[in-house]
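Reading through the structure tokens given below for one structure.
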Number of protein chains: 2
Amino acid sequence: MAAHTIGEVARRVGIGVETVRFYEREGLVASPPRSASGYRLFPDDAVDRLRFVRRAKELGFTLDEIRSLLDLRVRPGAACDDVREIAVARLADVEARIADLRRIAEVLGRLVTACDADRDTADCPILDAIAPEVRDA
Amino acid sequence: MAAHTIGEVARRVGIGVETVRFYEREGLVASPPRSASGYRLFPDDAVDRLRFVRRAKELGFTLDEIRSLLDLRVRPGAACDDVREIAVARLADVEARIADLRRIAEVLGRLVTACDADRDTADCPILDAIAPEVRDA
DNA sequence: CTTGACCCCGTACCTGGGTACAGGGATTAG
DNA sequence: CTAATCCCTGTACCCAGGTACGGGGTCAAG
């Protein structure tokens, strides 16, 4: 069980030193013991924990949710239900955002197409579509 | 062409008074003339302009982009090409975000499914999947 | 004439997730 | 021995897009 300096940990996880300190302040990784001169000496599993944080972040979990997942991880038993609940909530959220964006993409797509079709007229169909009531400023 | 107080404008557009002032500071709506006592007296077309801002925001345009669209709107001629360019860029952006989210949703969906299938074991498949040692989700 | 709703300005604050100094001490390679 | 890298703390700042607050002036109704 080697001890790692903050820079080493950061390099291994692929994040910045400042970010590691930030995560420590935020309680996402335990405050490690210090050397005589005050340097942080992280145990191996701090690296695992920080990788967990990164992976979860890639899945769109907020730091708050990640904190919950980490808490649940070290608690025994029925925690799986709680974890599942968080994942389901996140999934619903992601799907809602996809639906929103898809609606927006559709409108934008139509605008661009209209623009292509109408290339020679003076009026811009895109602006007209966003502001139907304003014809000429 | 009536003149409207800021509160009236805000009500008509469906935003807050503070937001109207913020948009004025940001140059999204012109600074209106004032009454003798310093009240803003917005012309009718300020309401239209602010509605334009809101609609464009719903389509995911940033305030910077909306400023550009508004500038283009009052300029004649070939502005349509510029408008189209902004819309195309925004569309590409939206589609990229959809792709990202879809990937995330897929992973989350698999995790929840795994959790359902594995309800009686002690290990939580979700946590295992996020954990670094099982890094191929 | 007073009450309450409205308006003014300027500035500070919020969210999330970090990033960037400034001003020091520690460690290590040459 | 010295210079280059580390590391420490604390504070401030970044992004967008607002939101809130404090301390005041104004306007219409009753």
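Just so it is clear: chains get the letters A, B, ... in the order the sequence lines come, proteins before strands, and each one is counted from 1.
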Looking at the side chain of B:Glu18, which of D:dC7, D:dA20, C:dG18 is the nearest nucleotide? D:dA20
CD1 on B:Ile104 to CD on A:Glu95, rounded to 0.5 Å: 12.0 Å
Any donor and acceptor pair, going by atom type alone, linking the side chain of A:Arg40 with main-chain N or O of A:Arg21 inside 3.5 Å? no
Could you check how far CD of A:Glu58 sits from P of C:dG17, rounded to whole Å? 14 Å
In whole angstroms, how far is the P atom of D:dG17 from the CD atom of B:Glu65? 9 Å
Which value, rounded to the nearest 0.5 Å, describes the distance between B:Tyr23 atom OH and B:Ile15 atom CD1? 5.5 Å
Please tell me if A:Arg21 has a side-chain N or O lying less than 4.0 Å from either OP1 or OP2 of D:dC8. yes
Compare side-chain N and O positions of B:Tyr23 against OP1 and OP2 of D:dG18 and report whether any pair is under 4.0 Å apart. yes
Hey, does B:Arg54 reach any base, or is it just sugar-phosphate, or nothing, if we go heavy atoms under 4.0 Å? sugar-phosphate
Which heavy atom of A:Val13 sits nearest a heavy atom of A:Leu50, and at what distance? CG2-CB, 3.8 Å
Could you give the distance from CG (B:Leu28) to CZ (B:Arg49), rounded to the nearest 0.5 Å? 7.5 Å
Integer-rounded Å distance: D:dC8 P and A:Ile6 CD1: 5 Å
I need the CG-P distance between B:Leu63 and D:dC15, as an integer number of Å. 14 Å
Whole-Å distance separating the CZ atom of B:Phe61 from the P atom of D:dG17: 13 Å
Between A:Ser68 and the options A:Ile86, A:Val83, A:Thr62, the side-chain contact (heavy atoms from CB on, under 4.5 Å) test singles out A:Ile86
Among the nucleotides D:dC7, C:dC8, C:dT19, whichever has the atom closest to the side chain of A:Arg25 is C:dT19
How long is the line joining CD of B:Glu26 and C1' of D:dA16, in whole Å? 9 Å
To 10°, what angle do the rotation axes through the five end pairs on each side of the helix from C:dC1-D:dG30 to C:dG30-D:dC1 form? 10°
Is there a side-chain contact between A:Ile66 and A:Leu63 (heavy atoms, below 4.5 Å)? yes
Considering only heavy atoms from C-beta outward, does the side chain of B:Arg90 approach that of B:Phe61 to under 4.5 Å? yes
Would you indicate which nucleotide in C:dG18, D:dC8, D:dG17 comes nearest to any side-chain atom of A:Lys57? C:dG18
Once you round it to whole Å, what is the distance between P of D:dA20 and CZ of B:Phe22? 14 Å
Counting only non-hydrogen atoms, which of residues 29-42 of chain B are less than 4.0 Å from DNA chain C? B:Arg34, B:Gly38, B:Tyr39, B:Arg40
Taking only N and O in the side chain of A:Thr19, is any of them less than 4.0 Å away from OP1 or OP2 of C:dG18? no
When rounded to the nearest 0.5 Å, the distance separating CZ of A:Arg12 from CG of A:Asp48 is 9.5 Å
Taking atom C1' of C:dC6 as reference, at what distance in whole Å does atom NE2 of B:His4 sit? 17 Å
For A:Glu26, is there any backbone N or O sitting under 3.5 Å from a side-chain donor or acceptor partner on A:Arg67? yes
